[in-house]
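Read through the structure below, which is laid out as structure tokens, and then see the notes.
Chain letters run A, B, ... following the sequence lines, proteins first, then strands; residues in each count from 1.
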There are 2 protein chains.
Amino acid sequence: MSPNPTLPTRAPSTEAHRFEAYLRSKKLKLTGERMEILATIFRKDSHFDAEELHAELKTLGRDISRATVYRTLDLLVQCGLVRKSSLGSSHANYEAAHENEHHDHLICLSCGKVFEFYRPDLETLQDAICQERKFKPLHHSLQIFGLCVDCVDKADENSIRTKVAQIHT
Amino acid sequence: MSPNPTLPTRAPSTEAHRFEAYLRSKKLKLTGERMEILATIFRKDSHFDAEELHAELKTLGRDISRATVYRTLDLLVQCGLVRKSSLGSSHANYEAAHENEHHDHLICLSCGKVFEFYRPDLETLQDAICQERKFKPLHHSLQIFGLCVDCVDKADENSIRTKVAQIHT
DNA sequence: TTTTTTGCAAATCGTTTGCACGCTG
DNA sequence: CAGCGTGCAAACGATTTGCAAAAAA
């Protein structure tokens, strides 16, 4: 008896397939630049911005223009493979949308570390709020800014106060 | 027996007094521009951005430079009289911090209306999450994007999808 | 070969800054 | 009259755009 064909046989790079399908569906072209950008993003484990991604591609020997990086990031956000969230900065940050998990963020104002968390009861509560208000939720963002264990004792109160005022949510 | 002197006797423009106290505490100066900006903000009832505020001041006959508007907004945020939150746009939005109430936002992606809500149990839940993670919260932002009752039936699905991708949280 | 994508450089947009002058304390 | 605050215009930084050349379908 052969292995069950419905079980994925260690699907090589689901994200590449998803992106290809998306491009085909929009009659867009599958280019080397687009695929390299996607692969690089999914090789990373954390948040990044367009500039960092552009720099990383350059160190990998792929000198892709900033314009193309921005245009491709837009496509990837459109098809759900990448998420955008500023994390309090005034410019855009991104992260690969591994699996289909959703999560929110704790952001340390001192060291900049970002901690992800997911609480089903938080989602449920939000849905309840929306239902009460007859509002149809499509997207949400919860960001909690503060100090992580490592920083809580050593952070300078004044510089933190300044940072709080500059948060861009 | 005279009235209890600790009870405020209908304080005229608490916010002006708070701002004055803040300026004095920082050895900053109480100027006409600063006071006009504060008064104009507290006369408004909704969210606004720097450009709108600048324009409104101009129609009021006060031609205050954009630079001063930005500098004063920063001061007001620092002293807690004004709150900053982009509401999903890539530039800063502000709102007067009437009383000391805190609230979160529901933002309609079709008509742009903003609905405020406050749920104590949501705050409690967030505190619980932070305690579990040993994270000291200093500020948070919850924004729920979607469609309000008036728009839920008439919004164009494609343009909404585009807007979701452009949200800047 | 038709259509889309790319890279480049210029343009844009919100915001910040340096500086000379003006006003507040 | 000593500092701060102001307006101006230039500088900024992230992102977007028009266009001609290059690559994918």
Side-chain angles (χ1 to χ4, degrees), chain A residues 16 19-38 47-55 57-58 61-79 82 84-94 162-163 165-169, chain B residues 16 19-38 47-55 57-58 61-79 82 84-94 162-163 165-169:
Chain A
F19 195 26
E20 287 173 34
Y22 175 79
L23 292 174
R24 242 178 275 113
S25 80
K26 297 273 180 187
K27 302 202 196 312
L28 299 177
K29 290 175 177 170
L30 195 164
T31 67
E33 287 83 349
R34 287 175 177 168
M35 290 306 156
E36 292 267 5
I37 290 173
L38 176 67
H47 298 264
F48 59 91
D49 62 26
E51 184 54 36
E52 285 160 20
L53 178 56
H54 179 250
L57 285 159
K58 176 169 270 175
R62 286 298 326 227
D63 215 327
I64 298 176
S65 76
R66 236 174 293 265
T68 297
V69 169
Y70 278 106
R71 289 187 275 230
T72 304
L73 280 169
D74 274 358
L75 291 174
L76 291 169
V77 170
Q78 291 288 348
C79 77
V82 165
K84 203 173 168 180
S85 69
S86 76
L87 305 175
S89 109
S90 60
H91 67 277
N93 277 251
Y94 302 86
T162 304
K163 285 191 184 171
Q166 288 166 348
I167 289 175
H168 198 285
T169 55
Chain B
F19 195 25
E20 288 172 35
Y22 174 79
L23 292 174
R24 241 178 278 116
S25 80
K26 297 274 179 184
K27 302 201 195 314
L28 300 179
K29 290 174 179 172
L30 196 164
T31 67
E33 287 85 347
R34 286 174 178 170
M35 290 307 155
E36 291 269 4
I37 290 173
L38 176 66
H47 298 262
F48 60 92
D49 62 26
E51 185 54 38
E52 285 161 21
L53 178 57
H54 180 250
L57 285 160
K58 176 168 270 175
R62 285 298 326 227
D63 215 325
I64 298 176
S65 76
R66 236 174 291 267
T68 297
V69 169
Y70 278 106
R71 288 187 274 230
T72 304
L73 280 169
D74 275 357
L75 291 174
L76 291 168
V77 170
Q78 291 287 348
C79 77
V82 165
K84 203 172 171 183
S85 68
S86 75
L87 304 175
S89 109
S90 60
H91 67 278
N93 277 251
Y94 301 87
T162 304
K163 285 190 184 171
Q166 288 165 348
I167 289 175
H168 199 285
T169 53

- Sidechain-backbone polar pair: B:S86 side chain, B:H168 backbone, donor-acceptor under 3.5 Å: yes

- Message: Between P on C:dT2 and NZ on A:K27, what's the gap in Å once rounded to a whole number?
- Response: 18 Å

- Per-nucleotide protein contact string for nucleotides 15-25 of chain D, where B marks a base within reach and S marks sugar-phosphate only (heavy atoms under 4.0 Å, - for neither): SBBB-----BS

- Side chain A:H54, main chain A:S65, donor-acceptor under 3.5 Å: no

- Note on the structure: Here the distance between atom P of C:dC13 and atom NE2 of B:H54, to the nearest Å, is 17 Å

- Message: What is the distance, to the nearest angstrom, from the CE atom on B:M35 to the P atom on D:dT6?
- Response: 11 Å

Enumerate, atom names and distances included, each donor-acceptor pair closer than 3.5 Å involving a side-chain atom of residues 25-34 of chain A, sequence neighbours excluded.
from: A:S25; atom 1: OG; to: A:Y22; atom 2: O; distance (Å): 2.7
from: A:T31; atom 1: OG1; to: A:R34; atom 2: N; distance (Å): 3.2
from: A:R34; atom 1: NH1; to: A:K29; atom 2: O; distance (Å): 2.6

- Could you list the residues that satisfy side-chain hydrogen bond (donor to acceptor under 3.5 Å, both in side chains) with A:T162, not counting sequence neighbours? none

- Task: Respond yes when some side-chain nitrogen or oxygen of B:T68 is under 4.0 Å from OP1 or OP2 of D:dG7, and no when none is.
- Result: yes

- Message: Tell me the interatomic distance from A:E36, atom CD, to C:dT6, atom C1', rounded to whole angstroms.
- Response: 15 Å

- Query: Can you tell me how far P of D:dG7 sits from CG of B:L57, to the nearest Å?
  - Reply: 10 Å

- Task: Measure the distance from CG on A:L75 to P on C:dT4 and round it to the nearest whole Å.
- Result: 14 Å

- Measure the spacing between OG1 of B:T68 and CZ of B:R62 and express it to the nearest 0.5 Å. 10.0 Å

- Task: Give the intermediate values and the outcome of side chain to side chain contact (heavy atoms under 4.5 Å, CB included) for residues B:E20 and B:L38.
- Result: CA-CA 11 Å; B:E20 288 172 35; B:L38 176 66; over 6 Å; no

